[in-house]
Each structure stands twice: as C-alpha cells, then as structure tokens.
Amino acid sequence: MLKNNDVKKAVSFAFMFIIENLTLFFLYQNGQRIFNQNEVLRKYLAKLPWTNKPRWFRQTVHIMMTRANVDTEMKPYGIFVLNYVSFKDIMKFTFSVGNVLYTKKLRSQVQQ
C-alpha cells in the first residue's frame, strides 16, 4: 500500500484498512465492556451492608458473590474471548503474517 504509485489505490487500501480495523475494534470493545461488568458487580457487592440483614438476603448476596467470581466473557464459537488482549494478539498476528508475506515478496523480486 505504501509503495503503490497509484494514489487512488493507496487511498482505497488505507480506507479499507481503517474501516476493517475499526469494525474489529468495536466488536472487541463490546466484549471488553461485558468483561468489565463483573468488576463493577464485585465492587458494589463488596460495599453492600449485609451482615445484619435477614437470612434470605444474606443467602442471596452469598449466591451473587459466588457467581460474581466467574468472569462473564463473550466467546464466539468458543474459540477466543472478545476483549482488548485478544484484539492486541490478533493485530500482532496479522501484522506479523503481513510482514512475512511482504518479506517473501521482496525476496522473490530480488532473486528475479
């Protein structure tokens, strides 16, 4: 994209690159927000005064505290988790593969 002499093609590639990455980022951002909700729930449950309340209330809070320790995650197809760490890993992998392919292309051009 950067070495392309045709300005129209370079702008088209840059626009596609930005749109695709923003779309991916927003998907992973939603997954991260869901992941962060557990921390918010834990914080509010920790602040809740429950020691001098009725038994049914204490049991309910106990169940909620137990469940809050299990992180809620978006796992499409059960393969990977949608959060910022996964987004970073996918970006690193994509750029690494692109760099390998670009290096291979340059090497084949030099040999010819």
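Keep in mind it's a predicted model, so treat the numbers as computed, not measured. The figures here come from the full heavy-atom set of this structure, side chains too, leaving out hydrogens, waters and symmetry mates.
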Side-chain donor-acceptor pair present, Asn36, Arg33, cut-off under 3.5 Å: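 Note: Asn36 and Arg33 side chains miss the donor-acceptor criterion.
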Please name the pair of heavy atoms, one in [X] and one in [Y], separated by the smallest distance, quoted to 0.1 Å.
{"X": "Arg58", "Y": "Lys53", "value": "NH1-O, 3.1 Å"}
{"X": "Asn83", "Y": "Tyr28", "value": "O-CD2, 3.2 Å"}
{"X": "Tyr84", "Y": "Gln29", "value": "OH-CG, 3.3 Å"}

Is there a side-chain contact between Asn21 and Met91 in this structure, where contact means two heavy atoms from C-beta onward sitting under 4.5 Å apart?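 Asn21 vs Met91: side chains touch.
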If you count the non-hydrogen atoms of other residues, nucleotides and ligands that lie under 6.0 Å from CZ in Phe25, is the total more than 12?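 Above 12, so yes.
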Heavy atoms of other groups near Arg42 CZ, more than 12 under 6.0 Å: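 Result for CZ/Arg42: enclosed.
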Distance check, rounded to the nearest 0.5 Å: [X] atom [atom1] versus [Y] atom [atom2]?
{"X": "Leu45", "Y": "Asn69", "atom1": "CG", "atom2": "CG", "result": "9.5 Å"}
{"X": "Phe95", "Y": "Asn99", "atom1": "CZ", "atom2": "CG", "result": "10.5 Å"}
{"X": "Thr94", "Y": "Asp89", "atom1": "OG1", "atom2": "CG", "result": "10.5 Å"}
{"X": "Met65", "Y": "Ile63", "atom1": "CE", "atom2": "CD1", "result": "12.5 Å"}
{"X": "Leu82", "Y": "Leu24", "atom1": "CG", "atom2": "CG", "result": "9.5 Å"}
{"X": "Ser86", "Y": "Lys75", "atom1": "OG", "atom2": "NZ", "result": "9.5 Å"}

Asn52 vs Phe57, test: side chain to side chain contact (heavy atoms under 4.5 Å, CB included). Steps then yes/no. CA-CA 10 Å; Asn52 56 355; Phe57 185 77; over 6 Å; no
So Ile34 and Asn30, side chain to side chain contact (heavy atoms under 4.5 Å, CB included) or not? Walk me through it. CA-CA 6 Å; Ile34 290 171; Asn30 285 334; 5.6 Å; no
Are [Y] and [X] linked, directly or through intermediate hydrophobic residues, by side-chain heavy-atom contacts shorter than 4.5 Å (ILVMFWY only)?
{"X": "Tyr77", "Y": "Val85", "result": "no"}
{"X": "Ile18", "Y": "Ile90", "result": "yes"}
{"X": "Phe17", "Y": "Leu22", "result": "yes"}
{"X": "Phe87", "Y": "Ile79", "result": "yes"}

In sequence, state the C-alpha distance, the side-chain angles, and the governing distance for Met64 and Leu48, and then conclude on side chain to side chain contact (heavy atoms under 4.5 Å, CB included). CA-CA 11 Å; Met64 289 172 64; Leu48 191 65; over 6 Å; no
Worked check of side chain to side chain contact (heavy atoms under 4.5 Å, CB included) between Thr60 and Trp50: CA-CA 10 Å; Thr60 305; Trp50 57 273; over 6 Å; no
